[in-house]
Amino acid sequence: MAHLRPAIALLLCAALLSRSAWCGEDQAALEKEADAIKAELDALKDELAKSKQSRNTTSKVDQALEKKSDGRAKTADGKLQIGCLVQIWFAAYQKDNRGLFNDPANGILDTNVANDNSSFQVRRAQLSFTLKANPYVTAYMMLDPAAENNTFPLVTDNQAIGGSIFKRNNNVAPQVDVNAVGGVAGLGNFLTIQNIQGGLGTPNRMLQDAYINFHNDPGCPGDFDWHHDFQVGLFLPPFGEEGLRSNAQLDFVERSFIGYATNNRDLGAQIHGFWWNDRFQYWAGAFNGAQDYFASNGDGGNRSDTNDYKDIALRMLVRPLADECWGDMEIGVSSEFGYHGETGVIDPIANPINGLERRKTWAIRNDAWGYYAPGGCFKGLWARGEWAWFRDRNAPGTVVDFTGNGGTDFANTFSGSGLAQSNARTISVQGWYAAAGYRFTKGVWNGVPKRLEPVEVAFRYQTFQNVLTADLIDPTKTDRFYTAVYTAGINYYIQEHNAKIQANYNFVSNPEDHAAGGQRNFHHVKNDSFVIAFQVGF
């Protein structure tokens, strides 16, 4: 009957007008009745609009996917959404043709000539597709052809290259110069540390995400909010904060060491719960865990598992503040753990088993983070920080051994000299970062020049144990050294995160002799860098 009410109201209006004409009723009373009928019609319009809005309400999962690529082009029926993100970088480094491990007097050749060249780079070229099959099922896929290339060094520390933050041996077996004289421990050869510059990448890096999400739709009649969704496929495991953040919404040109190390896809499934307007959330999932936490055995992502075990990932966050006056606050913790590798052989180099590249290892990593953006007179400021701890085992042959005692029968296996670990023990590394910034448009200063309104200034300090070498006494152990990086940045928002320009200067401090007790001749690499990034996305 509700759809008949407008027609009935119109008939009443006609009757009133007829009555006024023939009976000569008081004009004021007539106008009063007409106003009442008009108010009823307006109420009916509002009720109809609310009904349409409730039918078109999207779930929290769909809302999150809407933000994933910062706006998407939609098809006519609204079921398929297409997104794109392009980032073009230019990086310039201090000139230093010697790498951190370079020590010719002791037979270590570590060249840096390929890593200090200024270069343009297509850092990201993402194309994403979101398909809403029905109100309860959403599929998402994202491709990035730029991820195939691994010839570019990490801009925050060009001693790390090949898809990893670590300076080990860059995943390349030692090469011997048979004509060399002298060398470590009288072995009569040189260890030449080579950076990967072939540009070959790995076959599975173009496909970044491919998953299906199952969720309910509170906007559908009769539905209630489950406060949960379930996801299966290829995506980022729920670990950390910066590693999970959209590539388009980073505070700096490149992620921190922690963010870079945790921005690795994996195959698996997870459940996600959320309450109180997303102010409390949790994630729990199971993943292949084919890539070790140090990325020493290659990339993860869409690859076969290396054993029958699965990693378990747990994440939780709370947002105690979400207020215009007090500001926004978020704190969270996460953990991931499981068995990596499968063989029980003590030395996989001396006694290998086909298809099993590492000893069975209990691996675990933990992370904690915090964020605060005050309101009131301090609006526009923000601060965030994150700490992470990783425990795992490096793949054989990926950590340099300066003593030449690291490998049993290593020379016959790798045509090398034993200058790399073959039987590494489990180790742990850790690091943290703290960052702060100010966005002028969100502040409360009066009289800020128009040209400064899109500007944000930011600063970050980070440190991480990303330099790994075999112990000088027991080569099965691994010594770890800290690298520190100070980053000063400025962001110019043309259209928020859809179009912006970022510029960073990185002051890099790699470990020196004093960090190793003077027992290693680490070269003091001059590798500060300047990088500018241009970004457009939709």
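Worth saying up front: this structure is predicted, and the values here are computed from it rather than measured.
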(Q) For a side-chain hydrogen bond (donor to acceptor under 3.5 Å, both in side chains) check, start with the C-alpha distance between S529 and Q94, then their side-chain angles and the critical distance, and finish with the verdict. (A) CA-CA 6 Å; S529 64; Q94 282 185 295; over 6 Å; no
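- With sequence neighbours excluded, no residue satisfies salt bridge (charged side-chain N to carboxylate O under 4.0 Å, His left out) with R98.
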Q: Evaluate the criterion salt bridge (charged side-chain N to carboxylate O under 4.0 Å, His left out) for residue pair K310 and D305; output intermediate values, then yes/no.
A: CA-CA 9 Å; K310 296 294 172 278; D305 202 349; 2.9 Å; yes
Q) After noting the C-alpha distance and the side-chain angles of W89 and Q502, does the key distance pass the side-chain hydrogen bond (donor to acceptor under 3.5 Å, both in side chains) rule? A) CA-CA 9 Å; W89 291 8; Q502 295 178 284; over 6 Å; no
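- For N466 (side chain) and I165 (main-chain N/O), a donor-acceptor pair under 3.5 Å exists by modelled atom type.
- A286 and I312 make their closest contact through CB-CD1, 4.1 Å (heavy atoms, listed as atom of the first residue, atom of the second, distance).
- A salt bridge links R520 with D479; the closest basic N to acidic carboxylate O contact falls under 4.0 Å.
- At least one side-chain heavy atom of Y260 sits under 4.5 Å from a side-chain heavy atom of E254.
- Panel note: side chain N307, backbone G341; a donor-acceptor pair is recorded below 3.5 Å.
- A side chain to side chain donor-acceptor pair (under 3.5 Å) with N247 is found for exactly one of R123, Q535, R255, namely R255.
- Annotation: F522 is in aromatic contact with F481 [ring centroid separation under 6.0 Å].
- For the residue pair Q249 / H497, no side-chain donor-acceptor distance below 3.5 Å is found, with atom types taken as modelled.
- R245 pairs in a side-chain contact (heavy atoms from CB on, under 4.5 Å) with only one of the listed residues (L236, N263, D251), which is D251.
- Counted by atom type alone, N288 and D266 present zero donor-acceptor pairs between their side chains at under 3.5 Å.
- The minimum heavy-atom distance between P237 and L244, with the atom names listed, is O-CD2, 3.3 Å.
- Here the rule is side-chain contact (heavy atoms from CB on, under 4.5 Å) with R393, and of N297, T478, T426 only T426 fits it.
- In this structure, a donor-acceptor pair under 3.5 Å is present between the side chains of S256 and E242.
- Residues L207 and L234 come closest through the heavy atom pair O-CD2, 3.6 Å.
- Between F235 and F287, the two ring planes are perpendicular [angle over 60°; tilted spans 30° to 60°].
- Taking the six-membered ring where the residue is Trp, the centroids of F294 and F166 are separated by under 6.0 Å.
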Q: Could you walk me through whether N112 and Q159 pass the side-chain hydrogen bond (donor to acceptor under 3.5 Å, both in side chains) test, one step at a time?
A: CA-CA 8 Å; N112 197 52; Q159 296 305 287; 2.9 Å; yes
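- At least one side-chain heavy atom of S428 sits less than 4.5 Å from a side-chain heavy atom of R480.
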Q) Does the side-chain hydrogen bond (donor to acceptor under 3.5 Å, both in side chains) test come out yes or no for N366 and S335, once each step is laid out? A) CA-CA 4 Å; N366 299 315; S335 181; 2.8 Å; yes
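- With hydrogens and angles disregarded, no donor-acceptor distance shorter than 3.5 Å links the side chain of T398 to the backbone of N394.
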(Q) Between S296 and R168, is the side chain to side chain contact (heavy atoms under 4.5 Å, CB included) condition met? List the steps. (A) CA-CA 9 Å; S296 67; R168 291 173 296 224; 3.4 Å; yes
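- A 6.0 Å sphere centred on NZ of K526 holds no more than 12 heavy atoms belonging to other residues, nucleotides or ligands.
- Checked by atom type and distance alone, the side chain of Q121 never pairs as donor or acceptor with a backbone atom of F152 at under 3.5 Å.
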Q: May I have the step-by-step check of salt bridge (charged side-chain N to carboxylate O under 4.0 Å, His left out) for R365 and E336, ending in yes or no?
A: CA-CA 5 Å; R365 58 179 180 173; E336 188 173 7; 2.5 Å; yes
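- Note that R439 lies in the cation-pi zone of Y493, set by a 6.0 Å cut-off to the ring centre and a 45° limit from the axis.
- N423 and T476 are not linked by any side-chain donor-acceptor pair at a separation below 3.5 angstrom, with hydrogens and angles left out of the test.
- Within 6.0 Å of atom CZ in F90, more than 12 heavy atoms from other residues, nucleotides or ligands are found, so the atom counts as buried in its surroundings.
- For the pair D116 (side chain) and D96 (backbone), a donor-acceptor distance under 3.5 Å is present.
- Annotation: side chain of Y372 is not in contact with side chain of W382 (no heavy-atom distance under 4.5 Å).
- When every heavy atom of A125 is checked against every heavy atom of P145, the shortest pair comes out as O-CD, 3.2 Å.
- Judged by distance alone, the side chain of E148 and the main-chain N or O of M206 form a donor-acceptor pair under 3.5 Å.
- Side-chain contact check for N491 versus I501: every heavy-atom pair is 4.5 Å or farther apart.
- In this structure, F459 has its ring center at least 6.0 angstrom away from the ring center of Y461.
- Using a 4.5 Å cut-off on side-chain heavy atoms (C-beta onward), T156 and F257 make contact.
- With contacts defined as side-chain heavy-atom distances shorter than 4.5 Å, the pair F507/V485 does not qualify.
- Remark: the backbone N or O of Y293 is paired with a side-chain donor or acceptor of D392 at under 3.5 angstrom.
- Of the possible polar contacts, none joining the S334 side chain to the L314 backbone as a donor-acceptor pair under 3.5 Å is found.
- Heavy-atom minimum distance, A290 versus T306: O-CG2, 4.0 Å.
- Counting only distance, with no hydrogens or angles, the side chain of Q462 and the backbone of A484 share no donor-acceptor pair below 3.5 Å.
- Under a 3.5 Å cut-off, the side chain of N506 and the backbone N or O of V508 do not form any donor-acceptor pair.
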**Q.** Intermediate values then yes/no, salt bridge (charged side-chain N to carboxylate O under 4.0 Å, His left out), R384 and E330
**A.** CA-CA 9 Å; R384 69 170 81 245; E330 176 181 299; over 6 Å; no
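- Looking at N510 and D157, their side chains come closer than 4.5 Å, going by heavy atoms from C-beta outward.
- The cationic group of R460 lies under 6.0 Å from the six-membered ring centre of F252 and within 45° of the ring axis, placing it in a cation-pi geometry.
- Taking the six-membered ring for Trp and the full ring otherwise, the centers of Y309 and H340 sit at least 6.0 Å from each other.
- Annotation: side chain of Y505 is in contact with side chain of D528 (closest heavy-atom distance under 4.5 Å).
- The CG atom of D144 sits 10.0 Å away from atom CG of D209, with the distance rounded to the nearest 0.5 Å.
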Q: Using the salt bridge (charged side-chain N to carboxylate O under 4.0 Å, His left out) rule, take K167 and D110 through it: C-alpha gap first, then chi angles, then the decisive distance, then the call.
A: CA-CA 11 Å; K167 174 70 171 179; D110 186 8; 2.9 Å; yes
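- Seen from the ring of Y339, K360 counts as a face-on cation partner, given the 6.0 Å and 45° thresholds.
- A salt bridge links R425 and D474; the closest N-O separation between the charged side-chain nitrogens and carboxylate oxygens is under 4.0 Å.
- Sparse packing is recorded around OH of Y486, with 12 or fewer heavy atoms of other residues, nucleotides or ligands lying under 6.0 Å away.
- Cation-pi geometry between K500 and Y492 is not met: the NZ or CZ atom fails to fall both under 6.0 Å from the ring centre and inside 45° of the normal.
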